[in-house]
Enquirer: 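Please read through the structure below; I'll follow up with questions.
Just so you know, these numbers use all the heavy atoms, side chains as well, and skip hydrogens, waters and symmetry mates.
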Amino acid sequence: MVGAKFVTIFILMELIMSGFRFGAVDGLSMDYYIMTCPLADIIVKNTVNSALQNDPTLAAALVRMHFHDCFIEGCDGSILIDSTKDNKAEKDSPGNLSLRGYEVIDDAKEQLEQQCPGVVSCADIVAMAARDAIFWSGGPVYDIPKGRKDGRRSRIEDTINLPFPTFNASELIRAFGQRGFTAQEMVALSGAHTLGVARCSSFKGRLANGDPTLDSDFAKTLSKTCSAGDTAEQPFDATRNTFDSLYYNTLLTKNGLLFSDQTLYVSPKTRSIVNAYAMNQAMFFFDFQQAMVKMGMLNVKEGSKGEVRGDCRKIN
């Protein structure tokens, strides 16, 4: 009992210190809305929980949306903007066409606008929704600094910066490193693949090329999946709606779904990290929540550099 209390106090101290550290750097804070919209976190959490009770697969979608938002133009809600006749937006990029869950963000935004108009940004809603989806699915509980502003740019050509499912470990390390992440943080963030599925179009190349890092029996399973077409879906692991460390265990047996998954175990640069997370879920959870907080700070817009959209799908 004493040990449990100590762990709880330690985690709380970590969260408080994280909030202080990031707030000092970027002007964001854990209690950003405490005076202007004190129910913001509760409204988003209740909206997410309600959506996930109806469709648990949306958890993976909300986490992926946050990642795809942050990795392109920074965490600025640009992934939410609809295309117009004059501009093709990020969400219409081939790499983003399978994104979903936009209606959850819209629902939360509508409620927040009724409660406190023009206060809570869409970028913050996306970040909070990912956090709440992870916890709902059994993952770590953590808080995030808030105060991001929404960006005014969303262009399809910017999505070239997203990591590809064909990347090897060195390419992943470089792509994440350009955004300030260590190799260990990259492997931890890859653990988000413990939720959800990938489409055949993302892994069929491994079948055609006879990938030696792919287990032969698993290859047969994937071939059967792909017989239904490019949009056929295959879970990353056996617990697609549960946030756990099973994803890493699949890599140990050459059952990684994407080439960019299995390469984490194949490469000597990252193999020991995969082994550690496969054996120690608590370590994975801790490193993951730290990395997620850090990711949520990528190129955030503040002050006049951004805005608070009234409608998440279009610039004011």
Enquirer: Donor-acceptor pair, distance only, cut-off 3.5 Å: does the side chain of Ser272 make one with the backbone of Pro268?
Expert: no
Enquirer: What's the separation between atom CD in Gln115 and atom CD1 in Ile42, rounded to the nearest 0.5 Å?
Expert: 10.0 Å
Enquirer: Answer yes or no: is there a side-chain heavy-atom contact under 4.5 Å between Asn161 and Arg179?
Expert: yes
Enquirer: Heavy atoms only: give me the nearest Cys70-Gly296 pair and the separation to one decimal.
Expert: SG-CA, 4.3 Å
Enquirer: Indicate yes or no: at least one non-hydrogen side-chain atom of Thr36 is less than 4.5 angstrom from one of Cys116.
Expert: no
Enquirer: Might you confirm whether atom CD of Glu110 has over 12 heavy atoms from other residues, nucleotides or ligands at distances under 6.0 Å?
Expert: no
Enquirer: Do Pro235 and Val197 come within less than 4.5 Å of each other through their side chains, counting heavy atoms only?
Expert: yes
Enquirer: Where do Ala89 and Ser83 come nearest, in terms of heavy atoms and distance?
Expert: N-OG, 2.7 Å
Enquirer: Which is it for Leu222 and Leu214 under the side-chain contact (heavy atoms from CB on, under 4.5 Å) test, yes or no, and what are the steps along the way?
Expert: CA-CA 10 Å; Leu222 299 187; Leu214 180 62; 4.1 Å; yes
Enquirer: So, does Lys149 use its side chain to make a donor-acceptor pair with the main chain of Glu307 at under 3.5 Å?
Expert: no
Enquirer: Write down the atom of Val63, the atom of Ala133, and the distance for their closest heavy-atom approach.
Expert: CG2-CB, 4.4 Å
Enquirer: Tell me if a side-chain donor or acceptor on Arg148 pairs with a main-chain N or O of Lys301 at a distance below 3.5 Å.
Expert: no
Enquirer: Decide side-chain contact (heavy atoms from CB on, under 4.5 Å) for Ile156 and Asn96; before the verdict, give the C-alpha distance in whole Å, the side-chain angles of both, and the deciding distance to 0.1 Å.
Expert: CA-CA 10 Å; Ile156 192 170; Asn96 286 334; over 6 Å; no
Enquirer: To the nearest 0.5 Å, what is the distance between CD (Gln114) and CG (Leu112)?
Expert: 9.5 Å
Enquirer: Between Asn275 and Tyr265, is any pair of side-chain heavy atoms under 4.5 Å apart?
Expert: yes
Enquirer: For Arg309, is there any backbone N or O sitting under 3.5 Å from a side-chain donor or acceptor partner on Asp150?
Expert: yes
Enquirer: Hey, is CZ on Phe218 packed in by over 12 heavy atoms from elsewhere, all under 6.0 Å?
Expert: yes
Enquirer: For the hydrophobic clusters of this structure (ILVMFWY residues joined by side-chain heavy atoms under 4.5 Å, transitively), does one cluster hold both Ile173 and Leu298?
Expert: yes
Enquirer: Is there a path of hydrophobic side-chain contacts, each under 4.5 Å between heavy atoms of I/L/V/M/F/W/Y residues, joining Val274 to Phe236?
Expert: no
Enquirer: Please determine, by modelled atom types, if Gln111 and Asp107 share a side-chain donor-acceptor pair under 3.5 angstrom.
Expert: yes
Enquirer: Report the distance from atom CZ of Phe135 to atom CD of Gln289, rounding to the nearest 0.5 Å.
Expert: 12.5 Å
Enquirer: State yes or no: are the ring centers of Phe284 and Tyr247 separated by less than 6.0 Å?
Expert: no
Enquirer: Ignoring hydrogens, what is the shortest heavy-atom contact between Asn255 and Asp215? Give both atom names and the distance.
Expert: ND2-CB, 3.8 Å
Enquirer: Could you state the interatomic distance from CD1 (Ile144) to CG (Asp124), rounded to the nearest 0.5 Å?
Expert: 6.5 Å
Enquirer: Could you tell me which non-hydrogen atom of Lys109 sits nearest to which non-hydrogen atom of Gly310, and how far apart they are?
Expert: CE-O, 3.7 Å
Enquirer: From Asp76 CG over to Glu302 CD, what is the distance, rounded to the nearest 0.5 angstrom?
Expert: 12.5 Å
Enquirer: Would the Tyr142 and Phe285 ring centres measure less than 6.0 Å apart?
Expert: no
Enquirer: With distance as the sole test, does Asp158 use its side chain to make a donor-acceptor pair with the main-chain N or O of Ile72 at under 3.5 Å?
Expert: no
Enquirer: Is there side-chain contact between Asp230 and Lys204, with at least one heavy-atom pair below 4.5 Å?
Expert: yes
Enquirer: Is Asn316 reaching over with its side chain to a backbone N or O of Val308, donor-acceptor style, under 3.5 angstrom?
Expert: yes
Enquirer: Tell me, with the steps shown, if Phe259 and Phe164 meet ring-ring contact (aromatic ring centres under 6.0 Å, His included).
Expert: CA-CA 9 Å; Phe259 180 82; Phe164 287 90; over 10 Å; no
Enquirer: About how many Å separate CG of Asn249 and CD of Gln281, when rounded to the nearest 0.5 Å?
Expert: 9.5 Å
Enquirer: Is there a salt bridge (Lys or Arg N to Asp or Glu O under 4.0 Å) between Arg206 and Asp261 once you walk through the steps?
Expert: CA-CA 12 Å; Arg206 303 183 71 194; Asp261 293 320; over 6 Å; no
Enquirer: Work out which heavy atom in Tyr33 is nearest to a heavy atom in Val119; give both atom names and the distance.
Expert: CE2-O, 3.5 Å
Enquirer: Check the pair Leu80, Met65 against side-chain contact (heavy atoms from CB on, under 4.5 Å), reporting the backbone distance first and the verdict last.
Expert: CA-CA 9 Å; Leu80 305 172; Met65 182 189 295; 3.8 Å; yes
Enquirer: Stepwise, does the side-chain contact (heavy atoms from CB on, under 4.5 Å) test hold for Arg313 with Lys91?
Expert: CA-CA 10 Å; Arg313 293 174 179 262; Lys91 64 168 56 172; 3.6 Å; yes
Enquirer: Determine yes or no for a side-chain-to-main-chain donor-acceptor pair under 3.5 angstrom, with Gln262 supplying the side chain and Leu251 the backbone.
Expert: yes
Enquirer: Would a single hydrophobic cluster contain both Phe243 and Leu257, if residues Ile, Leu, Val, Met, Phe, Trp and Tyr are joined by side-chain heavy-atom contacts under 4.5 Å?
Expert: no
Enquirer: With the side chain counted from C-beta on, respond yes when Thr263 and Thr213 share a heavy-atom pair under 4.5 Å apart, and no when they do not.
Expert: no
Enquirer: Only one of Met186, Arg271, Lys269 forms a side-chain contact (heavy atoms from CB on, under 4.5 Å) with Leu264, so which one is it?
Expert: Met186
Enquirer: Spell out, yes or no, whether Tyr102 and Ile125 are grouped together once hydrophobic residues are joined by side-chain heavy atoms under 4.5 Å, including indirect joins.
Expert: yes
Enquirer: Test side-chain hydrogen bond (donor to acceptor under 3.5 Å, both in side chains) on Asp287 and Tyr277 and set out the steps.
Expert: CA-CA 9 Å; Asp287 288 353; Tyr277 290 158; 2.7 Å; yes
Enquirer: With a 3.5 Å distance limit and no angle check, can you tell me whether Arg131 reaches the backbone of Ala127 through a side-chain donor-acceptor pair?
Expert: no
Enquirer: Flag yes if Val120 and Ile34 sit in one hydrophobic cluster, no otherwise; membership is Ile, Leu, Val, Met, Phe, Trp, Tyr, and two members link when side-chain heavy atoms are under 4.5 Å apart.
Expert: no
Enquirer: Heavy-atom distance under 4.5 Å between the side chains of Leu99 and Glu90, does that happen here?
Expert: no
Enquirer: Would a distance-only check, ignoring hydrogens and angles, find a side-chain to backbone donor-acceptor pair under 3.5 Å from Ser50 to Asn46?
Expert: no
Enquirer: So do Phe67 and Pro163 actually touch side chain to side chain, heavy atoms under 4.5 Å?
Expert: yes
Enquirer: Report yes or no: does Ser154 contribute a side-chain atom to a donor-acceptor pair with the main-chain N or O of Ser78 at less than 3.5 Å?
Expert: yes
